[in-house]
Amino acid sequence: MRSLGFDVQVAADVTEAARLLSAVPADRRVALVDPRFVGHVHALRLGLTDPRFPAATVPGALTAQPEARPALVRALDTTAEAVGAGIPTGTSAAPVTDRTVPGRLAVTMDAGGTAVQRPELGSLVAAVPVDEPARAAAESALAAVDDESVRLRSAVKAHDGFFTTFFISPYSRYIARWCARRGLTPNQVTTASLLTALIAAGSAATGTRGGYIAAGLLLLFSFVLDCTDGQLARYSLQYSTMGAWLDATFDRAKEYAYYAGLALGAARGGDDVWALALGAMVLQACRHVIDFSFNEANHDAVANSSPTAALSDRLDSVGWTVWVRRMIVLPIGERWAMIAVLTAVTTPRIVFYALLIGCAFAACYTTAGRLLRSLTRKAERTDRAARALADLADSGPLAQFVAARGPRIRGAFSAPVIALVGAGALIAAALQQPFGSKQMIFAAVFYAICSGVAVARPLKGALDWLVPPVFRAAEYCTVLALAARSDVPGALPAAFGLVSAVAYHHYDTVYRIRGGTGAPPQWLVRTIGGHEGRTLVVAVLAAVFTQHSAFTVALTALAAAVALVVLVESIRFWVSSGAPAVHDEGEPA
């Protein structure tokens with residue numbers, strides 16, 4: 001127990017156990033452990049040190065974090081008569097002599113409304129033998145399993161891509177253990193991965209073959225570190241909401257910085273690929289928001305089943321189809337491997353062509369499957385899901401005004417259809433109207449009206465999860481089209497910066513919702529205009545600043561303003577939020 005960071009004290013009976021518990025500072029975790037416990041250290045680690053759960057138990061041991069300690073005290077009082085004397089406890093860990101005590105306390109806490117987590121131990125041993133034969137059997141089982149190898153195996157994410165599973169994880173888990181033994185934290189490894197990717201982007205920006213080769217190698221190493229941070233979190237149980245947020249947002253920052261590096265490198269060779277770079281970023285961001293919206297709309301839906309989902313489950317039982325389907329969607333491992341290899345041996349233009357083709361195919365595949373699932377399932381969306389979709393929509397003051405005072409059109413598919421009509425008109429105008437045309441402003445106003453009408457009613461329809469992705473595509477593609485057609489030097493890099501800042505805001509919104517802390521405050525959304533407000537501002541800027549570099553300066557100023565407001569508020573929130581710890585799981589132990 002001391003090796004896990006606990007201070008151990010022994011109590012003679014229940015009364016002394018309660019007294020010792022009450023003497024422990026209120027901000028500390030406490031635990032009860034039977035002195036006859038036989039098991040792996042990692043079993044105790046899983047049961048007693050995971051920060052994500054207020055209370056947890058394994059056979060022979062129970063822990064409670066500060067928020068669950070009152071429930072533990074009440075459970076001790078309730079079960080005192082059944083427990084009997086001789087229960088030791090401690091300031092952080094306390095052995096108990098009756099093997100049923102932790103289990104009884106856990107049941108009592110559950111019954112009292114405090115959920116007690118019971119981690120899956122797999123092959124790990126955790127037992128309280130009652131006699132010598134049982135002890136011998138437990139010790140034999142203990143000796144048969146190496147808990148360190150189990151710990152390493154469980155550090156690897158359970159459902160990962162083909163490239164990550166077979167080409168990264170076999171050795172990155174050992175890097176994670178090396179980091180753990182030297183006291184490094186997952187957030188430090190995440191930061192190292194970001195710095196490595198930024199150096200890779202700088203290497204790509206040189207525009208030389210040597211720079212491209214170095215960039216490809218550094219990008220792969222950055223991905224190794226990216227895998228290592230999550231494995232380190234699972235290996236050492238250093239979970240945190242901020243860590244998950246850093247991991248996700250840094251992934252986007254790394255990828256987009258690398259795109260910019262490739263575009264700068266290509267420009268040194270006389271090839272302007274900024275439009276392709278921005279297109280790749282837009283496509284990737286829209287893919288992700290489709291994932292987020294669909295998952296938020298359906299993860300707690302009632303009667304959430306469909307023939308399409310059943311077919312998918314049947315395909316999962318055929319081994320090779322699992323890997324093919326995971327590769328088709330071009331996850332981050334396969335995507336970064338492709339980018340790294342093509343950077344080293346081809347040109348930035350070819351890298352972006354491959355990215356656009358691969359991501360477009362993956363987007364079509366996943367979206368088609370989700371459309372089929374949504375149309376064939378009879379799910380009832382919850383109020384929480386509707387609220388999450390409304391938050392992901394990122395509606396600003398204009399859309400909110402229309403939603404509050406405008407028409408509420410009924411219909412099973414009215415929301416996505418109205419959103420598509422507005423988005424289609426907006427993008428068509430951006431592509432067809434001459435740059436600087438006042439018609440673009442009217443198209444943006446029409447889009448704002450459609451946006452408000454689309455979200456006027458709760459987003460509980462079968463396809464309402466399409467509304468946020470449609471809004472993202474409309475805003476991002478409009479910025480891309482106007483910058484590309486402006487023929488103004490520097491407009492596309494400025495547009496790249498603007499979309500990067502806005503995309504950061506949208507990813508930040510997703511991870512706040514996932515962390516259970518709700519969407520960003522309304523004042524932030526109003527300050528940066530919402531998707532329809534920003535789109536209207538860009539349309540006005542295109543109509544007003546048509547001469548030379550004025551449009552570039554205006555886009556740059558808008559990007560800087562959005563980035564400043566979003567970053568300051570985001571950093572303030574994540575540093576002070578106190579959100580519950582979350583992280584992706586690894587393999588069951």
Is D383 paired with R387 through a side-chain N to carboxylate O contact shorter than 4.0 Å? no
Side-chain donor/acceptor of T509 to backbone N/O of H505, under 3.5 Å: yes
Once you measure the plane-to-plane angle for F361 and Y365, does it fall in the parallel (<30°), tilted (30-60°) or perpendicular (>60°) bin? parallel
How about F496 and Y259: are their ring centroids closer than 6.0 Å? no
Taking only residues at least two apart or on different chains, which pairs with a member in residues 520-536 satisfy salt bridge (Lys or Arg N to Asp or Glu O under 4.0 Å)? D394-R534, E475-R534
Look at the aromatic rings of H531 and F471 and report parallel, tilted or perpendicular, splitting at 30° and 60°. parallel
Using the side-chain contact (heavy atoms from CB on, under 4.5 Å) rule, take L426 and M440 through it: C-alpha gap first, then chi angles, then the decisive distance, then the call. CA-CA 8 Å; L426 178 70; M440 189 64 216; 3.4 Å; yes
Do S203 side-chain atoms and G211 backbone N/O form a donor-acceptor pair below 3.5 Å? no
Under 6.0 Å from the CZ atom of R209, do we count more than 12 heavy atoms belonging to anything else shown? yes
How about N295 and W465: does a side-chain donor come under 3.5 Å of a side-chain acceptor? no
Nearest-0.5 Å distance that lies between atom CG in L225 and atom CD1 in I168: 10.0 Å
Which of parallel (below 30°), tilted (30 to 60°) and perpendicular (above 60°) describes W245 and Y504? perpendicular
Distance (rounded to the nearest 0.5 Å) between D226 CG and F221 CZ: 12.0 Å
Between R512 and D391, does any side-chain N to carboxylate O distance fall below 4.0 Å? no
So that I can tick it off, tell me whether E296 and R384 are bridged by a salt bridge, with the cut-off set at under 4.0 angstrom between side-chain N and carboxylate O. yes
Any pair counted as salt bridge (Lys or Arg N to Asp or Glu O under 4.0 Å), so long as it reaches residues 549-565, sequence neighbours left out: none
Count the heavy atoms of every other residue, nucleotide or ligand shown that sit under 6.0 Å from CZ of R572, and state whether that count exceeds 12. yes
Going by an N to O cut-off under 4.0 Å, is there a salt bridge joining R287 and D291? no
Residue pair Y258, T343: steps toward the side-chain hydrogen bond (donor to acceptor under 3.5 Å, both in side chains) verdict: CA-CA 10 Å; Y258 194 82; T343 298; 3.0 Å; yes
How close do D508 and S570 get, heavy atom to heavy atom, and via which atoms? OD1-OG, 3.0 Å
Ignoring hydrogens, what is the shortest heavy-atom contact between G207 and Y212? Give both atom names and the distance. CA-OH, 3.5 Å
Between Y447 and T478, is there a side-chain donor-acceptor contact under 3.5 Å, judged purely by atom types and distance? no
Evaluate the criterion side-chain hydrogen bond (donor to acceptor under 3.5 Å, both in side chains) for residue pair Q238 and T185; output intermediate values, then yes/no. CA-CA 8 Å; Q238 297 183 71; T185 67; 5.4 Å; no
